[in-house]
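Atoms within each ligand, like the ligands themselves, are counted from 1 in listed order.
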Amino acid sequence: MNTGLQLYNTLSRKKELFLPLNAPNVGMYVCGPTVYSDVHLGNCRTFMSFDLIFRYLKYSGYKVRYVRNITDAGHLEGDRDEGDDKFAKRAKLEQLEPMEIVQKYTLGFHDVMRMFNTLPPSIEPTATGHIIEQIEMIKVIIENGYAYEVGGNVYFDVEKYSKEYNYTILTNRNLEDMLNNTRELGGQDEKKGRLDFALWIKAKPETLMQWQSPWGLGFPGWHIECSAMSAKYLGAEFDIHGGGMDLAATHHTNEIAQSEACSKHQPARFWMHTNMLTVNGTRMSKSAGNGFLPLQLFTGDHPLLKKGYSPMTVKFFMMQAHYRSTLDFSNDALDASEKGFRRLMAAVALLDKLNTYEHSEFDIDALKLKCVNAMNDDFNSPVLIAELFEAVRIINTVYDGKGKISATELDKLKQLINDFVFDILGLKDEESDNLELNSVLQMVIDLRKEAKENKDYATSDKIRIGLQELGIQLKDGKEGTTWSKS
Ligand code: AMP
Ligand code: ZN
C-alpha cells in the first residue's frame, strides 16, 4: 500500500498525507454531469482528472469505490433556485420527454468517456433513482431543525446552521460579505434568510417531472441528491469528494451543510477541486457558448480549430497540465501535444526490438521512484510525463546502439511503461488499435469470401449487412475486398 500520497485538500488549503478511513478501502464521490445537453471538453477535463486519480489510487493498492452521479432532475438554470428546470426547457425545445433528453445525453456522455479511455465508475447513481433517499434526508434535516417548509417548498436554514457550523468552511469567504452580495428578499419571498436554498421545490401544474412527498407534489433541489447518494453508497463519512472548482462556492458548500445538518459531521475528509479548461482565458461553459464538443475536436469541425486531433492527443494535452492549474485551449498547444504523444508512442513501439546486454547503464528503479514521487505529489501528471520522456530517451539511446540495457532492466522498463503510460495515465496506442481492427476485419472479409465460394449467400449477406450496421462499408473490387468507415 502506498503510504506517501500527498493530496491538496480544499478544506485546509494545503497538501495533506492521504490516509483512508478504512484502508485498504477508499470511498470517492465525484459530481457527475447534468445530462441536458452534450458534455463539452471542459467537463471532460474534470472527469479525466478524476479518472487519473481513480487509476492511481488503484495502482497504489487501494480498493476504491468510485461513485459518480448523473444529475437527471432538479437542476434549475440559476444556482439559487431561480429559472426554468434545465431538463424541462430542453425537452420542450427538442419536443421530447425529459427522460428522452436524459437518455440521449447520458449515452452521449458514456460514448465520449469511452473514447477518452476513462474507466467507468464503480457506481453511477441517478437523482431520479434516489428520490426516496432525498426525501428521507430532507425529513431528518427538518427534524434536526435546520430546514423549514413554506407552502410546499422546503428551504435550508443557513442562518440557524451557521450558528453551530461554519457555512463557508470550503471557500473561507466572509459570511457577512456573502449576505451583502446576495439579492435582498422581496415581499413575495418565502425564504427566511437570503442565503437559504431549496431542498424541495413545489411543482407547478406544468412541471414535467414531479414526485409525491410529505410536502406535496414537487421535485428535489439540485444539491440534496449528492448528499443523499454519497451517504447511501459511501457512508456519512468518507474519504474524497471531488468536482470542478466552479462547484465549490455553492453546490459543495450546500452539500456540506446538508450532510452536517443530517449526520452532524463533515461528509468527506478530503475535498478535491479541478481547475477549469479555458478558451482565450474564459472558462469553457455551456452557457457561455464557447464549449467545444469532443466530436468537433476530433473532426476539426469548429471555426477555432485548424484541424482535428485524436482523442489520445487531447487526453495527453490535458494530462500535460496539473489538475489544479488552469489550462488554456489552443491549436499550438494541441500541435505540440500531438508531436509529444507520437514521440512517446514511437518509443513504446521499439520496446520489443531492443537488444539486451549483460550490464545496464540505466537504473530503472530510480526512474520508477521519480514517477511515483511525481504522482504522490498531489497527482502531478506533468512531472510524471517529463519523467516518462526520460524513459523515451533511454529507449531511443539503446535502439540507436548508443547505450546498453540488461534484460532485467528492460523488463522493469516495460513494466514501468505499462503501469504509468497505460494503466495510470490511461493512454492507448491508437495506431495499434487500428492495426487490430484491420486484422479482425481481414479475418471477417476472408470468412465472407469463403461463404460466397460455397454459395452460402445467406452468410455472406449477413456479414456485409452486419458490418454496415456497425458503420463499416465493404467494397468488392478486382484486387479483392476493401473496407471503409461510413
Ligand atoms: P455540469 O454538467 O455543468 O454539472 O458539469 C459537470 C462537471 O464539469 C462539474 O464537475 C463541473 O465543475 C465541471 N466543469 C464545467 N465546466 C468546466 C470547465 N470549463 N473546465 C473544467 N471542468 C468544468
Ligand atoms: Zn454534486
Could you tell me whether [X] and [Y] make a salt bridge, using a distance below 4.0 angstrom between a side-chain N and a carboxylate O?
| X | Y | answer |
| --- | --- | --- |
| Lys306 | Asp335 | yes |
| Lys370 | Glu390 | no |
| Glu338 | Lys307 | yes |
| Asp377 | Lys15 | yes |

Can an N or O of Gly42 be found at a distance shorter than 3.5 Å from an N or O of ligand 1?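 Among all N and O atoms of Gly42, at least one is under 3.5 Å from an N or O of ligand 1.
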
Return a yes/no value for Met276: is any of its N or O atoms, backbone included, closer than 3.5 angstrom to an N or O of ligand 1? no

Of His252, His251, His241, the one forming a ring pair (Phe, Tyr, Trp, His ring centres under 6.0 Å) with His273 is His252

Measuring to the Zn ion (ligand 2), does His223 have an N/O/S atom at a distance below 2.8 Å?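 No N, O or S atom of His223 is closer than 2.8 Å to the Zn ion (ligand 2), so no.
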
Would you say the Zn ion (ligand 2) has His252 as a near neighbour, meaning an N/O/S atom of that residue under 2.8 Å away?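 Looking at His252, which is the residue asked about, there is no N, O or S atom under 2.8 Å from the Zn ion (ligand 2).
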
Side chain, backbone, both or neither: which applies to Thr34 and ligand 1 if a contact is any heavy-atom pair less than 4.0 Å apart?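 The part of Thr34 near ligand 1 is both the backbone and the side chain.
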
Only heavy atoms of Gly244, strictly under 4.0 Å: list the atoms of ligand 1 that pass. 10 (O), 12 (O)

In ligand 1, which numbered atoms sit nearer than 4.0 Å to a non-hydrogen atom of Leu247?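 Those of ligand 1 that fall under 4.0 Å from Leu247 are 9 (C), 10 (O), 12 (O).
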
Using non-hydrogen atoms of the residue, decide whether Val35 is closer than 4.0 angstrom to ligand 1.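 No, Val35 has no heavy atoms under 4.0 Å from ligand 1.
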
How wide is the angle at the Zn ion (ligand 2) between SG in Cys226 and SG in Cys31, to the nearest 10°?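 Nearest ten degrees: 130°.
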
